Engineer: 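Below: one structure in structure tokens.
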Amino acid sequence: MISNAEIAAVLWEISQYLEMEGVAFKPRAYEKVAEVIEGLSEELRDLYKKGGLKAIETIPGIGVSIGEKIEELITTGKCKEYEQLKKKTPVDLAQLSKVGGLGPKKIKKLYDKLKITNLTELGAAAKKGKIAVLEGFGEKSEEKIVKALEFLSSGGNRFVLPYILPDIWTIRDYLKKLKEVEELTVAGSVRRYKETIGDADMLVVSKQPKKIMDAFTTMPGVVQVLAHGETKSAVKMKNGLQVDVRVLPKESYGAALNYFTGSKDHNVALRQLAIKKGYTLNEYGLWKGTAEKKGKMIAGATEAEIYKALGLLYIEPELREMTGEIEAAAKGKLPDLIGYGDLKGDLQVQTNWTDGAKSIEEMAVAAMAAGLEYIAITDHTKRLAMVHGLDEKRLAEQGKEIDELNRKFQVQGLKFKVLKGTECDILEDGKLDLSDEALAKLDIVGVSVHSYFNLSHKDQTARIKRAIQNLNVDMFFHPTGRVVGRREPYDVDIEELIATAKATGTIMEINGSDRLDLKDQHIRLCVEAGVKMAVNSDAHNDGHYGFMEFGISQARRGWAEKKDIINAWPLEKMLSFLKK
DNA sequence: GCCGTTTTCGGCCCGACTGTTTTCAGTCG
């Protein structure tokens, strides 16, 4: 049972080995395929079971040779050619490649000369000064290796976006205050709202790049200067975050923003498209002619004019992941993405009746301040004894408080509405933690898994199917149970759940907190299947409505439109869509 | 190794920075 991640890892390692040998072009072919496979929503082994090698080869980038290797991996769990390469140079590529400055060529040299195969051996050699004397290395490379190893052993090299974003804004605001800065934009994976980021890329327009570079590399919080050039520098901050800054002239702003936003594969595809049209695209602009013999610049000040000149619709940053956006843009068939201000309500809010910090009224007032028109109170149920989950009796009492609050708002002339809801536990066998009679009285019923995470694929899927088939259940909260960077999803057949949601009219949640669950690929499956979703904050405090921004970003990354997200709809329309 | 509304053969993105060099390979994004 080999997973896509494992297949991608093998293909990526093959690319690195080929690179070591100095083979031309093949490495990129393998690398590209590895990235494509990581982004697939369906497991290749399932695809293979259904359609064999033929089905595998329909995936772009996979031809005969790579197709056969994937078949070999699925059927035998091994790949002979990979085994041979690994035997020849038995190094831990995944680990060693994380060391900044080490690529395949240098890793090979370290193995050939010093028999270094992993991080421990690398550290030992560096401390003994064995690396500095190698040809192609020196004192500085050895120092860099020691520092990189310290950084890796201290943990993080990727950050969860919702947590790191405030730090990034602080740096942005510091740099924006420099008088030489005309414009500053945070680009890269932050602008694409990737769920985790490895670094923060900032783009600056200025006529005095040197001053920017000097101020940037000496700003407070910098612990290491990784690069310090005339227009491009990189630093490591105290918390481990790497920040890159690039300075460009105003007329290149759009081209630079496009280049610095990525993804890398998206950029490469744009550049290839440019070549086909007789142009050259770089971070300074779109030019007539070839890279060697450039003609006139025909676009560059804005991203929009570059896409237009390439015959494409403008592609939003969240879509730039090479999952079909360029083809769609060429055909004029991009989705009309849900916008960051489009949500009218929040359908998962906890209060101090259970594990939330604030009262129902406080949460309602904060929601109004956040620009919302309605919220659903969805406290936990009794099985979660730890948080004093509600039983039928307390749920009824809470309902009375909500009725009174709504009356009060009405008297005050406020249109805001608080809905009665629940986050009801799904029990081990798929039954629910509250009686059907109690659930039937609520405006909106959400269910979720908080126990028995380790059931088998078959049992977990069957259990959840049973729960969402209940006619009282409107919505399935955080459907895969993952927490970004902390907890893996439970083993469940998400496609079967989506099919069940379609058949039963169940709403799938996009949880905007650090769960980010559903994730982008699953959202796209829902969009394609016509399953409706809701973007919720899962607020446990009055400052948590901001999490919805990350839920929307996931929705956008999953190609969702307003019509796909029920809480982007007015209250009446939203309620009328729920199960009767 | 993959791919094709200019191609089934001949292409394959582009440039900045570093370190070890004395003109450039390797890495990175």
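Residue numbering restarts at 1 for every chain, and letters A, B, ... go by the order of the sequence lines. All figures in this text were calculated on a predicted structure; none of them were measured in a lab.
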Engineer: Counting only heavy atoms from other residues, nucleotides and ligands, does the tally under 6.0 Å from CD of Glu230(A) exceed 12?
Structural biologist: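 No, the 6.0 Å shell around CD holds no more than 12 heavy atoms from other groups.
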Engineer: If the condition is side chain to side chain donor-acceptor pair (under 3.5 Å), which residues does Glu325(A) pass it with, not counting sequence neighbours?
Structural biologist: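 So Glu325(A) forms a side chain to side chain donor-acceptor pair (under 3.5 Å) with His266(A).
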Engineer: Tell me every residue that passes salt bridge (Lys or Arg N to Asp or Glu O under 4.0 Å) with Glu13(A), counting only those two or more places apart in sequence or in another chain.
Structural biologist: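 Checked Glu13(A) against salt bridge (Lys or Arg N to Asp or Glu O under 4.0 Å); matches are Lys86(A).
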Engineer: Assign Gly100(A) to base, sugar-phosphate, or nothing according to its heavy-atom contacts below 4.0 angstrom with the strands shown.
Structural biologist: sugar-phosphate
Engineer: Tell me every residue that passes salt bridge (Lys or Arg N to Asp or Glu O under 4.0 Å) with Arg28(A), counting only those two or more places apart in sequence or in another chain.
Structural biologist: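 With sequence neighbours excluded, Arg28(A) shows a salt bridge (Lys or Arg N to Asp or Glu O under 4.0 Å) to Glu31(A), Asp265(A), given in chain and number order.
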Engineer: Looking only at the aromatic ring of each residue, does the gap between the centers of Tyr193(A) and Tyr340(A) stay below 6.0 angstrom?
Structural biologist: yes
Engineer: Is a side-chain donor-acceptor pair under 3.5 Å present for Ser65(A) with Lys69(A)?
Structural biologist: yes
Engineer: Could you say whether Thr290(A) or Gln242(A) is positioned toward the 5' end of DNA chain B, judged by the nucleotide with the nearest heavy atom to each?
Structural biologist: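 Closest to the 5' end, via its nearest nucleotide, is Thr290(A).
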Engineer: More than 12 heavy atoms of other residues, nucleotides or ligands under 6.0 Å from NZ of Lys88(A): is that the case?
Structural biologist: no
Engineer: Which whole number of Å gives the distance between the P atom of dC2(B) and that of dT6(B)?
Structural biologist: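 One P to the other, the span is 23 Å.
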Engineer: Under a 3.5 Å cut-off for both distances, is dT8(B) Watson-Crick or wobble paired, and to whom?
Structural biologist: none
Engineer: For DNA chain B, which residues in residues 260-271 of chain A have a heavy atom at a distance below 4.0 Å?
Structural biologist: Lys264(A), Val268(A), Arg271(A)
Engineer: Can you tell me if CD on Glu139(A) sees more than 12 non-hydrogen neighbours from other groups inside 6.0 Å?
Structural biologist: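 No, the 6.0 Å shell around CD holds no more than 12 heavy atoms from other groups.
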Engineer: Distance between the C1' atoms of dC13(B) and dT23(B), in whole angstroms?
Structural biologist: 24 Å
Engineer: What integer number of Å spans the C1' atoms of dG29(B) and dT22(B)?
Structural biologist: 28 Å
Engineer: What is the 5' to 3' range of DNA chain B, first to last nucleotide, that sits under 4.0 Å from any heavy atom of chain A?
Structural biologist: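 So the contact region on DNA chain B extends dG1(B) to dG29(B).
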Engineer: Using the closest heavy atom to pick a nucleotide of DNA chain B for each, name whichever of Val99(A) or Arg246(A) lands nearer the 5' end.
Structural biologist: Arg246(A)
Engineer: Could you list by number each residue of residues 213-228 of chain A showing a heavy-atom separation from DNA chain B of less than 4.0 Å, or answer none if no residue does?
Structural biologist: Ala227(A), His228(A)
Engineer: When you compare dT18(B) with dG11(B), how far apart are their C1' atoms, in angstrom units rounded to a whole number?
Structural biologist: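 Approximately 31 Å lies between the C1' atom of dT18(B) and that of dG11(B).
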Engineer: Is the charged tip of Lys115(A) near the ring of Tyr111(A): under 6.0 Å from the six-membered ring centre and within 45° of its axis?
Structural biologist: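 Judged by the rule, Lys115(A) and Tyr111(A) form a cation-pi pair.
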